[in-house]
Structures are given as C-alpha cells and as structure tokens.
Asks: 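One structure, as structure tokens, below. Some questions next.
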Amino acid sequence: MKTKQFFYFCSILCLVCYATFAAQAQVVVEEVTVAELIPGKPRYYAESNLDNWYLSIGAGTQTYLTENDNSDAHFTLAMNVAVGKWITPFVGVRMSAMGGSLHYDWLSSRTSQYNYGSMRYGAFYVDFLWEMLNTVAGYSERRVISIIPFIGLGGAYGWHHNSNLEDTWAMPVTGGLKLNFRLGHYVDLFFEGRVQAVADQFNRVNMGSQIETAISVIGGLSFKFRESRFKAFDPYIDQLAIAELNRRTNQLRAALQECQSRKIECPPCPEVAPQTIVVEKESCGGMMASISFAINSATVSQREMVNAYNVAQWLKENPDCKVTITGYADRNTGTAEYNMKLSKRRAEAVAEILQKNYGIPAGRIVIDSEGSSQQPYPNDNNWNRIVLIVGGEH
C-alpha cells in the first residue's frame, strides 16, 4: 500500500511541475510576441489544423531492470505505434502505444537464489517532444537529421505472470531521445531510446527499491500526412511595407489637396485638324516586379503569390515578350558562397511557379542570380532578400 501511495504522489508532482512550467513558458511567449518585434526574425504558421500530423510504426528490443544487480538482463521484442502532431516547428505532442513480454530475475529471500520471472504488458503514453535543431539552428523542412528529446506520462497493464499472479497496472513516468532521418517529403526513418519508471509492484515482486525501470530501443518509419508543412513570414517586413504604403498614401492625399486648391482658367481651344491615330506596340521593357522572401528562405509566401500572378498575366498578354528573373540575398546574413546558392534557389522558385501554376514556357524565362554581391536596396538590408523580374524582348 505504501508503494502505491508513493508512486501516485510522484506522478501527481510531475504533472503539477509540468503544468506550471508550461504556463510560465506560454506567458513569456505572449509577452515577447506583443511587446517586441525583432528585425528579420521569422514567425511560423500552419495553413490548416490537419497539417503536420504523422504516424510512426516501429519495433526493437527491451529489457526490464530490477534492483537485483547480479541478475542477467533479458532482452525481448518490443512493438510500438504512435500518432503525433507538431504544434510548432519546435514543440510537438504524440500518443504512443508499446507492448511485448518482459523477462527478469528476482532474488528469493527464502532460498537466496535467483528465480526467473516473465509477464506480458501493454502501455499507452502521452509524450511531449522538443525539436532541438529547429530551436537552435532555425526551422528547415529539408533538414536531414532531427534530434528530439521527449518526456511523458502513461498507463501500463501487466498480465500473464508466470506464477499465475493477478494482473497489475501502473502509471509510468517516461522519457527518452528520438533521432529522425529524412528519407523524403512524406517518410522519415527513426531510432528511439525510451526509459520508463514503474512501481516495484508492477511485476508482483515487491522487494528492495520501490521504483524499477524498463528500457527499450526501437527503430521504424514515420509517415507524414498531407503535403503542406509550416510556412514562414517576417512581421518586420510587413511593418516596413505598411509604413511605405502609408507614406505613399499621404503623398497622394497632399497632391490631391494641392490640385483641388488650384484655380485653373482654360484658354479657348484651337481648332484641330483630324489626324490619323497610330497605336504603337507597347515595349516589353515596361514591366518590372519584385517578390520578397523571408530570411534564409527560398519559399514564395502566400502574400507574394499575387506578384507572381501579375507577371504571368503580363506574359500571357504579351506573347512576344520574355522576363529575366534575378535573385538576391542580403549581405549581412550568410557567406557570399551560400548567398549565391540561396539567391539562385529563390529565382528558380519563382520560375517554377510561373511554369507549373500558370503554364509559362521555360523558353520565355531567363534565370539569373547575384547573391549578395549586388544590393538593390543599399539603404535597407531587409529589402535585399528579393527577386526582381524585368520584361524584355524575345
């Protein structure tokens, strides 16, 4: 009875500590979001609540460790299945189930000899995951390896004890480390080690330490649902764009007021002889557009898609024209070599949208990249994460 009370007390204490920590972390995030706007720091969002779900299936080995240090470890088959969701690129939650047989040795107090014991069990966990590399190095959907520590709570049920003892149950506290290896957009390979602490009575052998542990190592595949992942936006860039629009609006209002205040007297109109009006063909050089990008990103945001659409419409209305797409990167971020590759990926991303989404032939698109060697906006570094599109003749 004392063992159960002690274990229940530890479980409740862990729940209270985690709830307190999560509440404090949430308050800090809200304060930073409202009070501070950091230039160039991206924010992430998912377009739908159905995005970023995954299913994991794995198998491996496990062993049950008791307080008998001189006994041999017995390794058995462990099976695992889990369903999870990444709430942000840094924090996720999952529900996982594990089961199999546990074999162990226990020391008889009457004969001072080791006896063999076995049982079958099934366990269900709720785990909280932390994506370490996304937190430290920034979110990247194409990162090959992910390091994911996790902690959790659950429930375990044991039956089929070899001595025909009654079934048992426990509330394990668990934690471990998961390594993810990206195989493709929809599939990951993972290896995971888990340690779970259970009450001594779980195997119906009550002696020594009141807490025993089960250790498992499994590997398997994770299948990610839906195509979309997290998308990034830079609120600092949005604020700059809004400020620029407000400045232009104020200029237009001032010009309008000046025009309305003028007194204009029109002179008599002279007689004009009829003339033949010749409509000249519009030059292809009259089109110029731009598409901005988030820091360290080559993904065209939903906000910038309207600019790509306008370019595609111009090309359809001017079939004898082509466009040159030039990518840039800001000089204050990354090396010159990396920025050259990043600017080329940005230009290729815009070209791919024009071809796949709007059917523009590849022969009407010229791709160029300047990296950070050229800065179109030398007075404001944040505007240089950009692609410039200029019309031209075939």
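Just so you know, residue 1 is the first one in the sequence shown, and it goes up from there. When reading the values below, keep in mind they use all heavy atoms of this one structure, side chains included, and skip hydrogens, waters and symmetry mates.
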Asks: Under a 3.5 Å threshold, yes or no: a donor from one side chain and an acceptor from the other, between Arg194 and Ser216?
Replies: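 There is no such pair (donor and acceptor under 3.5 Å, judged by atom type) between the side chains of Arg194 and Ser216.
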Asks: Treating Ile, Leu, Val, Met, Phe, Trp and Tyr as nodes and any side-chain heavy-atom pair under 4.5 angstrom as an edge, say whether Met305 and Val350 lie in one connected cluster.
Replies: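 Yes, because Met305 and Val350 connect within a single hydrophobic cluster, where side-chain heavy atoms sit under 4.5 Å apart.
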Asks: Is it the case that atom CG in Asn250 sees more than 12 heavy atoms from other parts of the structure closer than 6.0 Å?
Replies: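 Yes, the 6.0 Å shell around CG holds more than 12 heavy atoms from other groups.
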Asks: When rounded to the nearest 0.5 angstrom, what distance separates OG in Ser301 from CD1 in Ile291?
Replies: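 Nearest 0.5 Å value for the OG-CD1 distance: 9.0 Å.
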Asks: Would you verify whether the NZ or CZ of Arg94 falls within 45 degrees of the ring axis of Phe150 while also being under 6.0 Å from that six-membered ring's centre?
Replies: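 That pair qualifies as a cation-pi contact.
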Asks: Does one hydrophobic cluster hold both Leu177 and Leu133, with members joined at side-chain heavy-atom distances below 4.5 Å?
Replies: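 Linked, Leu177 and Leu133 end up in one cluster.
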Asks: Looking just at side-chain N and O atoms, do Ser228 and Glu47 make a donor-acceptor pair shorter than 3.5 Å?
Replies: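 No.
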Asks: Is the positively charged end of Lys178 above the ring of Phe190, judged by distance under 6.0 angstrom from the centroid and angle within 45° of the axis?
Replies: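 Yes, a cation-pi geometry holds between Lys178 and Phe190.
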Asks: How long is the span from the CD1 atom in Ile218 to the CG atom in Leu77, to the nearest 0.5 Å?
Replies: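 One finds 10.5 Å between CD1 of Ile218 and CG of Leu77.
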Asks: Do Ile389 and Tyr358 belong to the same hydrophobic cluster, where Ile, Leu, Val, Met, Phe, Trp and Tyr are linked whenever their side-chain heavy atoms lie under 4.5 Å apart, directly or via other members?
Replies: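 In one cluster: yes.
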Asks: I'd like to know whether CD of Gln302 has more than 12 heavy-atom contacts from other residues, nucleotides or ligands below 6.0 angstrom.
Replies: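 Above 12, so yes.
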Asks: With a 3.5 Å cut-off and no angle check, do the side chains of Trp130 and Thr135 form a donor-acceptor pair?
Replies: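 Distance-only check passes for Trp130 and Thr135.
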Asks: Just checking Tyr116 against His74, ring centres under 6.0 Å apart?
Replies: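 When the ring centroids of Tyr116 and His74 are compared, they turn out to be within the sub-6.0 Å range.
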Asks: For Arg331, does its backbone N or O pair with a side-chain atom of Gln375 as donor and acceptor, under 3.5 Å?
Replies: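 Present.
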Asks: Would you give the length of the straight line joining atom NZ of Lys344 to atom CD1 of Ile325, rounded to the nearest 0.5 angstrom?
Replies: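 The CD1 atom of Ile325 is 13.5 Å from NZ of Lys344, to the nearest 0.5 Å.
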Asks: Determine whether Leu354 and Val366 fall in the same hydrophobic cluster, where Ile, Leu, Val, Met, Phe, Trp and Tyr are linked whenever their side-chain heavy atoms lie under 4.5 Å apart.
Replies: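 They do not share one cluster, since no chain of ILVMFWY contacts under 4.5 Å joins Leu354 to Val366.
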Asks: What pair of heavy atoms forms the shortest contact from Ala294 to Arg346, and how long is it?
Replies: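 So the minimum-distance heavy-atom pair works out to O-NH2, 3.2 Å.
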Asks: So does Gln251 have more than 12 non-hydrogen atoms from other groups sitting under 6.0 Å from CD?
Replies: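 Yes, the 6.0 Å shell around CD holds more than 12 heavy atoms from other groups.
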Asks: So, Glu304 and Asn307: side-chain donor and acceptor under 3.5 Å apart, yes or no?
Replies: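 Yes - a donor-acceptor pair under 3.5 Å links their side chains.
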Asks: So how far is it from Gln257 CD to Arg253 CZ, rounded to the nearest 0.5 Å?
Replies: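 It is 9.0 Å, given to the nearest 0.5 Å.
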Asks: Taking atom types as modelled, find out whether Asn52 and Arg226 have a side-chain donor-acceptor pair closer than 3.5 angstrom.
Replies: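 Their side chains do not contain a donor-acceptor pair, so the 3.5 Å distance test is not met.
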Asks: Does the Trp383 side chain pair with the main chain of Asn379, one donor and one acceptor, at a distance under 3.5 Å?
Replies: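 No; judged by distance alone, with no hydrogens or angles, the pair does not exist.
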Asks: Just checking, any donor-acceptor pair under 3.5 angstrom between side chains of Asp188 and Ser222?
Replies: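 Side chains of Asp188 and Ser222: no pair found under 3.5 Å.
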Asks: Suppose we call two aromatic rings close when their centres sit under 6.0 Å apart. Are Tyr104 and Tyr64 close by that rule?
Replies: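 Between Tyr104 and Tyr64, the centre distance is under 6.0 Å.
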Asks: Show the nearest heavy-atom pair for residues Ser140 and Asn134, with the distance to one decimal.
Replies: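 Closest approach of Ser140 to Asn134: N-OD1, 3.6 Å.
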Asks: Can you find a side-chain donor-acceptor pair between Glu141 and His185 that sits under 3.5 Å?
Replies: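 Yes, His185 and Glu141 have a side-chain donor paired with an acceptor closer than 3.5 Å.
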Asks: Between CG of Asp200 and CD of Glu212, what distance do you get to the nearest 0.5 Å?
Replies: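 If we round to the nearest 0.5 Å, Asp200:CG and Glu212:CD are 4.0 Å apart.
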Asks: Salt bridge check, Arg345 against Glu348: does any charged N sit closer than 4.0 Å to a carboxylate O?
Replies: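 No salt bridge links Glu348 with Arg345.
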Asks: What are the two closest heavy atoms between Arg120 and Ser101, and how far apart are they?
Replies: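 In terms of heavy atoms, the two residues are closest at CG-OG, 3.7 Å.
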Asks: Would the distance check show the side chain of Gln201 and the main-chain N or O of Trp169 forming a donor-acceptor pair, the cut-off being under 3.5 Å?
Replies: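 Looks like yes, one N/O pair under 3.5 Å.
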Asks: Can you sort out the partners of Leu189 under side-chain contact (heavy atoms from CB on, under 4.5 Å), two or more places apart, ordered by chain and number?
Replies: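 Leu189 satisfies side-chain contact (heavy atoms from CB on, under 4.5 Å) with Phe181, Leu183, Phe191, Leu221 once adjacent residues are dropped.
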Asks: Are Trp86 and Tyr186 co-members of a hydrophobic cluster defined by side-chain heavy atoms under 4.5 Å apart?
Replies: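 No; tracing contacts between hydrophobic side chains, which count when under 4.5 Å, never links both residues.
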Asks: Tell me the closest heavy-atom pair linking Val311 and Ala289, and the distance in Å.
Replies: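 Closest pair (atom of Val311, atom of Ala289, distance): CG2-CB, 3.7 Å.
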Asks: Check whether any side-chain N or O of Lys322 sits under 3.5 Å from a backbone N or O of Leu315 as a donor-acceptor pair, and report yes or no.
Replies: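 No, Lys322 side chain to Leu315 backbone: no donor-acceptor pair under 3.5 Å.
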Asks: Applying salt bridge (Lys or Arg N to Asp or Glu O under 4.0 Å) as the test, list every pair that has at least one member in residues 284-299; sequence neighbours left out.
Replies: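 Salt bridge (Lys or Arg N to Asp or Glu O under 4.0 Å) check on residues 284-299 returns no pairs.
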Asks: Compute whether any side-chain donor of one residue and acceptor of the other, for Asp330 and Thr333, lie under 3.5 angstrom apart.
Replies: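 The criterion, which ignores hydrogens and geometry beyond distance, is satisfied for Thr333 and Asp330.
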Asks: Specify whether Tyr121 and Phe202 have parallel, tilted or perpendicular ring planes, treating 30° as the upper limit for parallel and 60° as the lower limit for perpendicular.
Replies: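 Plane angle over 60°, so perpendicular.
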Asks: So does Lys85 have more than 12 non-hydrogen atoms from other groups sitting under 6.0 Å from NZ?
Replies: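 Yes, the 6.0 Å shell around NZ holds more than 12 heavy atoms from other groups.
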Asks: What I want to check is whether the side chains of Gln374 and Tyr328 have a donor and an acceptor closer together than 3.5 Å.
Replies: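 There is no such pair (donor and acceptor under 3.5 Å, judged by atom type) between the side chains of Gln374 and Tyr328.
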Asks: Decide if atom CZ of Arg182 counts as having more than 12 heavy atoms of other residues, nucleotides or ligands within a radius under 6.0 Å.
Replies: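 Atom CZ in Arg182 is crowded, with more than 12 foreign heavy atoms closer than 6.0 Å.
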Asks: Where do Ala312 and Ile360 come nearest, in terms of heavy atoms and distance?
Replies: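 For Ala312 versus Ile360, the nearest heavy atoms are O-CD1, 4.0 Å.
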